[in-house]
Protein chains: 2
Amino acid sequence: MSTLNTEATSVANGSLPRQRRTYSIGELARMFEVTPRTIRFYEQEGLLAPERRGQTRIYHEKDRVRLKLTLRGKRLGFSLAEIREVIEMYDAMPDGNARQLKRLLEILADKRTNMERQLEDIRLMQRELDDVEVRAREVLARLDQD
Amino acid sequence: MSTLNTEATSVANGSLPRQRRTYSIGELARMFEVTPRTIRFYEQEGLLAPERRGQTRIYHEKDRVRLKLTLRGKRLGFSLAEIREVIEMYDAMPDGNARQLKRLLEILADKRTNMERQLEDIRLMQRELDDVEVRAREVLARLDQD
DNA sequence: CAACCACTTTACGTTAACGTCAACGTCGTC
DNA sequence: GACGACGTTGACGTTAACGTAAAGTGGTTG
């Protein structure tokens with residue numbers, strides 16, 4: 001319970017406790033269409049902390065979720081450092097002091113305004129795309145006509 | 001009419017024809033909170049093509065709009081190369097051949113699905129943030145209570 | 001047992017998007 | 001006419017996020 005919540009939904013719905021599977025680095029890499037190198041790099045950057053059986057890494061559900069969140073964060077333009085910051089604070093939460101927690105709330109508020117702007121940006125960008133497409137189709141229609 | 005449409009809205013509403021102002025590189029930089037270096041770099045990358053009076057660059061409304069679109073694109077995670085691609089095709093539109101236009105439509109569709117996924121990512125991310133915040137507030141409350 | 005996988009570490013290479021610094025020209029003004 | 005603010009080009013530096021190549025380890029399969 002001290003890490004990112006894999007079961008957020010499976011608590012609400014009645015799904016199985018999700019088989020206690022593990023994954024190799026290669027499996028995980030194929031699942032998310034990244035290279036093993038990328039996954040190792042994320043570990044080095046403090047975003048993942050898989051188990052070790054001897055030399056080789058063993059990933060659990062928790063790690064898979066973290067990777068998923070990381071990649072989602074990246075698609076939204078967050079740096080790995082930003083993502084790590086949130087993950088670290090989240091992990092430190094249960095025994096966190098008040099100052100740390102307030103800092104976390106600040107960061108969250110920050111991300112939230114960021115998301116809001118992104119939503120606005122997307123809306124505006126979609127309009128631009130609409131506009132460009134309409135014009136392109138007009139020109140095309142004229143070409144077809146002649 | 002052969003460039004990005006500054007007046008997309010001012011045609012629809014009744015706003016003034018927007019003073020035919022010009023801007024220095026420094027003005028533009030302050031407006032958008034970037035450095036002049038950045039603006040020169042964008043020009044070098046083919047995203048801007050300001051007028052020249054002797055050595056010095058002179059930016060018009062058209063350039064300001066392009067810069068705005070470029071920065072918006074960046075916030076959405078597009079590379080400068082991608083942004084340039086769209087701008088170039090847009091500029092080439094009026095006398096574009098059918099193949100070019102179809103290619104443009106493809107790119108647009110591509111960006112569109114990208115936007116859709118971003119929207120979904122944002123929704124999911126917002127839920128995560130909500131979840132984290134709730135937990136953080138719970139822990140805080142427990143601390144205040146004791 | 002050899003030949004293949006899949007995995008590991010170490011280390012150097014690469015790309016995008018600028019930052020920074022030097023060296024210079026051009027105003028306005030004190 | 002020196003000074004400061006702003007502009008220019010050119011070149012090298014920097015950071016993030018991996019890619020890539022070398023060299024080794026550990027299982028299993030023909």
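Proteins come first, then strands; the chains are lettered A, B, ... in the order of their sequence lines, and each starts at number 1.
B:R53 comes within 4.0 angstrom of nothing in the nucleic acid, heavy atoms only. Within the nucleic acid shown, B:R57 comes within 4.0 Å of sugar-phosphate atoms alone, with no base atom in reach, counting heavy atoms only.
The salt bridge (charged side-chain N to carboxylate O under 4.0 Å, His left out) check on A:E133 picks up A:R137, B:R112, with sequence neighbours excluded. Residues that satisfy the side-chain hydrogen bond (donor to acceptor under 3.5 Å, both in side chains) test with B:N114, not counting sequence neighbours, are absent from this structure. Scanning for side-chain contact (heavy atoms from CB on, under 4.5 Å) contacts around A:E43 gives A:L48, A:P50, A:R52, A:R57, A:Y59, with sequence neighbours left out. In this view, B:Q126 satisfies the side-chain hydrogen bond (donor to acceptor under 3.5 Å, both in side chains) rule with no residue, not counting sequence neighbours.
Protein atom CZ of B:R40 is 9 Å distant from nucleotide atom C1' of D:dT9, rounded to whole Å. Rounded to a whole Å, the CD atom of A:Q44 is 14 Å from the P atom of C:dT8.
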Nucleotides 16-28 of chain D: protein proximity per nucleotide (B base, S sugar-phosphate only, - neither; heavy atom, under 4.0 Å): -BBBB--------
Under 3.5 Å donor-acceptor pairs involving side-chain atoms of residues 95-105 of chain A, not counting sequence neighbours:
residue : atom : partner : partner atom : Å
A:N97   : OD1  : A:R99   : N            : 3.3
A:N97   : OD1  : A:Q100  : N            : 2.7
A:R103  : NH2  : A:E85   : OE2          : 3.2

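Because its NZ or CZ atom is not both nearer than 6.0 Å to the ring centre of A:Y42 and within 45° of the ring axis, A:K74 does not count as a cation-pi partner of that residue.
An OP1 or OP2 oxygen of D:dG7 is reached within less than 4.0 angstrom by a side-chain nitrogen or oxygen of B:S24.
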